[in-house]
Asker: 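Structure in structure tokens, see below.
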Amino acid sequence: MTLAIARNRKREPALAAPLLPRLPLPEGLGLPALVVAVALLLGGLPFFRLVAAAFAPGGQFAPDAAFAEMASRSAMTATWHTLETASLSAAGALLVGGIVALALGVTDVRGKRPLAFAFVFSMMIAPQVAALAFLSLFAPNSQILALIGLAPAPGTPNPLLGRGGIVLVMALHHAPLVAITLWTGLRSIPQSLIEAAQMEGASHATITARIVVPVLRPQIVAAGLVAFVAGVGNFGIPALLGLPVNYLTLPTLIYRRLSSFGPSSLGETAALAVLVGTVAALGIVASALVARRQRGKIEIERPLEPFWRLGAARPFVAAGLWGLLALKLGLPLLALLSEALTPALGVALSWQTLTFDKFAEVLFRQAATMRAFRNSLAFAGAAAVILALLAIAFAYALERRLGKLRRPVELLIELPYALPGVVLAIACILIFLKPLPLIGVSIYGTPFIILFAYLARFLPLALKAPVAAMAQIEAHHEEAAKLDGANLWQMLRFIVAPILAPAAAVSALMVFLVAFNELTVSALLWSSGTETLGVVLFSLKEAGLAGEAAAVAVSASAVILAAMLVLDLLGRHLPQNILPWRL
């Protein structure tokens, strides 16, 4: 490769000749300093400001008020509800996700790719959409349950409202997180270990129970902690299933305080945000300790291959998995679709009553929903493009330039993504409520505060594919460019960027996928004219317009499905394990 570049140097002296403008980017510390500065701005500053507002209001250390708020009856009740729902849903997610992970990872069941794709898609749809879909499925006017005679009696409360419904829906929604973590663990099991057990005559069940599961124990613990942290920070499901019956978790308590009292309650909500961040941080630290024990493993020659031959049971296992997906994804979405297609509440769906009027209303006639679609597309698209460009420079700096600073910078970058979104939202309000220093401009109440929050929250997601791709690039490409006289900007533009472009494009789509339906951050940051789809869906449901909310949810889910299909097409050109459903 170096020889080819040397030959090309004689024929194409573009890099050697000073034809391109040399930007004043310092060669030594410029890029690392820029990366550290952005990491501090997006990751460090918001949480420093949050802690300062909670424990040092007005610049004077005075933690008494914060501790008093944390110890208040409402905060303690919400904390208990948060721990209760997060723990129980994590246990349920471990059960469901573990079964699916083992079935797809160790058996020869048919249709693994579509099964994994559908399972991950059920997590990619927004939590509030999942909650709304299950509410529609179990509502007294449920078209789906009415077909089999199981619809609740008219006038009865929805059985999913309250703690039980929150636990059930969060467990099903977070189960793919568990499966993805366990799939990663299964790849680290050497095939030789399984072959040795087979030579000793061990059955498939014995190998799974006595070898695979014990080896996976650290990943099982990590998966449970991931599901727990996701449950602590989940806002959409507790908001739709808990707020109507006054069952408050910490994120919904913060939302109610801010929506009721506005910025005047920022001191109290900052303390509550620190509390929910602390609860989530305990799970994150425990997960990091588990991950540390896995370091230093030797590389394996052959990763685990499916060893459990199902034989005659193969179609029944496949049917069971598809049945689980029907209960988790298919039936709720069908219930949501049927509610969007009926003209009014209580009207049975038939060819005579079927109407697309609610879709036309939210997509073409209703100003608020049309604006929300435009806003969500704009915010998610802008964040995706900006982060994809940043990810190329960040991936190069992390892999080549930062050295010992890499891990601290990565921790700063990961902080807004790891902690609950409501914590980041409160921090952004505190930072931008007053005009910015020097320029005297405030972005509070503007689209830019939501864009800033999206950049901070989804930067770790945008970095995943480019960092993995950068680790596979040999350094001689850059060395040859330096010999040609290229500066850092030229090397990034002409050498690194073209190689990382496919990974950056996938990162952009992944960011768009997650940001398009986002609610937790935007629920606290939106203002008139900057509503997102998650906010509008939540507002429509609160206003009693369930059919219109269902139409918004189905339309948004269709966009997510389309984006995932595009990602799947691009996935074949990427390093392995970037897309979680490509087993």
Side-chain angles (χ1 to χ4, degrees), residues 92 96 118-119 121-162 164-176 236-242 244-245 322-363 369 517 519 533-534 536-538 540-561:
V96 176
F119 196 59
F121 171 65
S122 68
M123 177 188 69
M124 289 299 185
I125 62 174
Q128 64 272 14
V129 172
L132 186 63
F134 275 94
L135 278 175
S136 298
L137 179 62
F138 288 95
N141 60 314
S142 172
Q143 306 282 346
I144 303 300
L145 294 185
L147 293 175
I148 55 178
L150 295 178
T156 57
N158 195 302
L160 290 186
L161 292 176
I166 294 173
V167 170
L168 173 64
V169 177
M170 281 207 306
L172 293 175
H173 192 70
H174 295 152
I237 294 172
L240 283 173
L241 303 183
V245 292
W322 283 113
L324 173 63
L325 277 170
L327 294 174
K328 172 178 165 45
L329 179 65
L331 291 179
L333 285 183
L334 280 177
L336 205 59
L337 180 61
S338 66
E339 190 163 8
L341 293 175
T342 51
L345 187 66
V347 177
L349 181 63
S350 66
W351 288 113
Q352 290 73 31
T353 60
L354 184 146
T355 175
F356 290 93
D357 188 63
K358 290 175 182 174
F359 284 97
E361 178 70 19
V362 300
L363 294 176
T369 53
N517 268 334
L519 173 63
L533 278 177
V536 165
L537 188 149
F538 184 53
L540 288 172
K541 181 61 179 175
E542 279 194 322
L545 301 173
E548 286 77 4
V552 170
V554 171
S555 302
S557 299
V559 174
I560 296 302
L561 178 60

Asker: If you take all heavy atoms of G236 and L519, which pair is closest and at what distance?
Answerer: CA-CD2, 4.0 Å
Asker: Could you grab the distance from atom CD1 of I237 to atom NE2 of H174, nearest 0.5 Å is fine?
Answerer: 5.5 Å
Asker: Are V552 and V129 side-chain neighbours, meaning at least one heavy-atom pair lies under 4.5 Å?
Answerer: no
Asker: Donor-acceptor pairs are to be reported for all side-chain atoms of residues 327-347 against protein atoms at under 3.5 Å, with residues two or more places apart or in another chain.
Answerer:
unit_1	atom_1	unit_2	atom_2	d
K328	NZ	S122	OG	3.0
K328	NZ	L172	O	2.2
S338	OG	L334	O	3.3
S338	OG	A335	O	2.8
E339	OE1	S136	OG	2.5
T342	OG1	S338	O	3.4
T342	OG1	E339	O	3.1

Asker: Which atom pairs, one a donor and one an acceptor, fall under 3.5 Å between side chains of residues 144-157 and the rest of the protein, sequence neighbours left out?
Answerer:
unit_1	atom_1	unit_2	atom_2	d
T156	OG1	A153	O	2.6

Asker: Would you call the rings of F138 and F134 parallel, tilted or perpendicular, taking 30° and 60° as the class edges?
Answerer: parallel
Asker: Looking only at heavy atoms, which two atoms of K541 and L240 are closest? And how far apart?
Answerer: CG-CD2, 3.6 Å
Asker: What pair of heavy atoms forms the shortest contact from N517 to A556, and how long is it?
Answerer: OD1-CB, 3.2 Å
Asker: Got a sec, which residues hit side chain to side chain contact (heavy atoms under 4.5 Å, CB included) with L325, two or more places apart in sequence or on another chain?
Answerer: L115, A118, F119, W322
Asker: For V362 and A551, work out which heavy atoms get closest and say how close.
Answerer: CG2-CB, 3.8 Å
Asker: Which residues pass the side-chain hydrogen bond (donor to acceptor under 3.5 Å, both in side chains) test with S555, not counting sequence neighbours?
Answerer: none
Asker: Taking it one step at a time, do E548 and T369 satisfy side chain to side chain contact (heavy atoms under 4.5 Å, CB included)?
Answerer: CA-CA 9 Å; E548 286 77 4; T369 53; over 6 Å; no
Asker: Might you point out which heavy atoms bring S557 and I125 nearest each other, and give the distance in Å?
Answerer: OG-CG2, 3.9 Å
Asker: Which atom pair, heavy atoms only, marks the closest approach of A553 to L132?
Answerer: CB-CD2, 4.1 Å
Asker: Taking salt bridge (Lys or Arg N to Asp or Glu O under 4.0 Å) as the cut-off, I'd like each qualifying pair that reaches into residues 348-357, sequence neighbours left out, listed once.
Answerer: D357-R365
Asker: For F538, give me all partners under ring-ring contact (aromatic ring centres under 6.0 Å, His included), at least two apart in sequence or on another chain.
Answerer: Y255
Asker: Can you tell me how far apart CD (E542) and CG (L537) are? Round to the nearest 0.5 Å.
Answerer: 11.0 Å
Asker: Yes or no on side chain to side chain contact (heavy atoms under 4.5 Å, CB included) for L161 and L135, after CA distance, side-chain angles and deciding distance?
Answerer: CA-CA 8 Å; L161 292 176; L135 278 175; 4.0 Å; yes
